[in-house]
Amino acid sequence: MSAIYRGRFAPSPTGPLHFGSLVAAVGSYLDARAQGGEWLVRMEDVDTPRKVPGAAEDILHTLELFGFAWDGPVLYQSARLEAYRSELERLCRNGLAYGCACSRKEIADSANRPAIDGGLAYPGTCRNGLPADRTARAWRLRVSTEPVGFDDRLQGHVEQQLERDVGDFVLLRADGLFAYQLAVTVDDEFQGITDIVRGADLLASTPRQIWLQRCLGYATPRYAHLPVAANAAGEKLSKQTLAPALDKSQAAAELVRALAFLGQAVPAELSRATVNDVWAWAAENWSFDRVPRQRAISLS
Ligand code: GLU
């Protein structure tokens, strides 16, 4: 057990919490509590076009109703733009980030390698400077051919060669918004996060975040990527796959489902008990070792 543990749950306010996000909340919360650690909540609201009015309040209300108690105030990424800007400037000054003039179409025409999580690996067109007649649209981080790996507590050793698998990736988008990869990395450091427990849908992002940590001189936290809930077609449950919102009138039953999904031997009758009873059971019985070491589990 570590001397200091600080975990977090970092939802994006793009809609109500669904079962997949509840699993991430339960897993990160119980891992933190079992290790006597703190658990912080961060609202990842930098992607303003995807933000749904009222969703942040609804998510916090749902967490409260489900009996989660977080430490300290909620951090809103929309209030952190200055910090992202100054870290981006530092990367630019150190020659680690650069302006890129490429449009989507130019990248599609010149790239010839698929990226690890869809899209195309950026071929590095603007790496050595922009031609005089072009201006930067986006800002990218220079990556290397050196493998970036880590030992995930659940998924084992994960490694990427970022140059090949992703390419120099975007930190500040052409629409002027900071990219998730930069915001999450700067905030995990800012909040002193030691342990990241989240869904395995983010496993492919982790080497990018570790590379950014190295470029910025940050510590690397421990990682545990929980299995994600998938539908019968094997797609991750999300707003896009029309995952149903949680039933707020059935908080105990939803928590019991999440615990069972995480491999816990939870008695079915707890579904009819109170939320407090479920948390009392979890405080006594939570076992990280029982969490399935899988990237996805189909619900049906
Ligand atoms: N905001 C991200 C999401 O909702 C999660 C970020 C993270 O846990 O690193 O998918």
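Remember, it's 1-based here, ligands and their atoms both numbered in the order they're listed.
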Under the 3.5 angstrom rule, does the side chain of D71 hit a backbone N or O of L40 as a donor-acceptor pair?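 No, because the side chain of D71 does not come within donor-acceptor range (under 3.5 Å) of the backbone of L40.
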
Out of H225, Q209, R42, E44, whose heavy atom is nearest to atom 1 (N) of ligand 1?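 Nearest option to atom 1 (N) of ligand 1, by heavy atoms: E44.
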
Quick one: which ligand 1 atoms are inside 4.0 Å of a heavy atom on V184?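 The list of qualifying atoms is 9 (O).
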
Near L202, which atoms of ligand 1 are under 4.0 Å from a heavy atom of that residue?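 Listed by number with element: 5 (C), 6 (C), 7 (C), 8 (O), 9 (O).
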
Which atom pair, heavy atoms only, marks the closest approach of V26 to A258?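 Residues V26 and A258, closest heavy atoms: CG2-CB, 4.1 Å.
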
Side-chain heavy-atom pair L22, T62 within 4.5 angstrom cut-off: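 No, side chains not in contact.
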
Taking C-beta and beyond as the side chain, do D201 and R295 meet within less than 4.5 Å on heavy atoms?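 In short, these two side chains do not touch, never coming nearer than 4.5 Å.
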
Please state whether the rings of F68 and Y29 are parallel, tilted or perpendicular, taking 30° and 60° as the class boundaries.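 Aromatic pair F68/Y29 classed perpendicular.
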
Shortest protein heavy-atom distance from [atom], along with the residue and atom involved:
atom                   : answer
atom 9 (O) of ligand 1 : R198 NH1, 2.7 Å
atom 4 (O) of ligand 1 : S12 OG, 3.2 Å
atom 5 (C) of ligand 1 : A10 O, 3.3 Å
atom 7 (C) of ligand 1 : R8 NH1, 3.3 Å

Please confirm whether Y180 approaches ligand 1 to less than 4.0 Å, judged on its heavy atoms.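 It does; at least one heavy atom falls under 4.0 Å.
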
Hey, what else clusters with L177 if you join Ile, Leu, Val, Met, Phe, Trp, Tyr whenever side-chain heavy atoms sit under 4.5 Å?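 In the cluster with L177 there is nothing else; it is isolated.
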
Hydrophobic cluster of L120, others only, ordered by chain and residue number, side-chain cut-off 4.5 Å: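 None; L120 is a cluster of one.
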
Sub-3.5 Å N/O-N/O distance, D201 and ligand 1: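 There is no such contact.
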
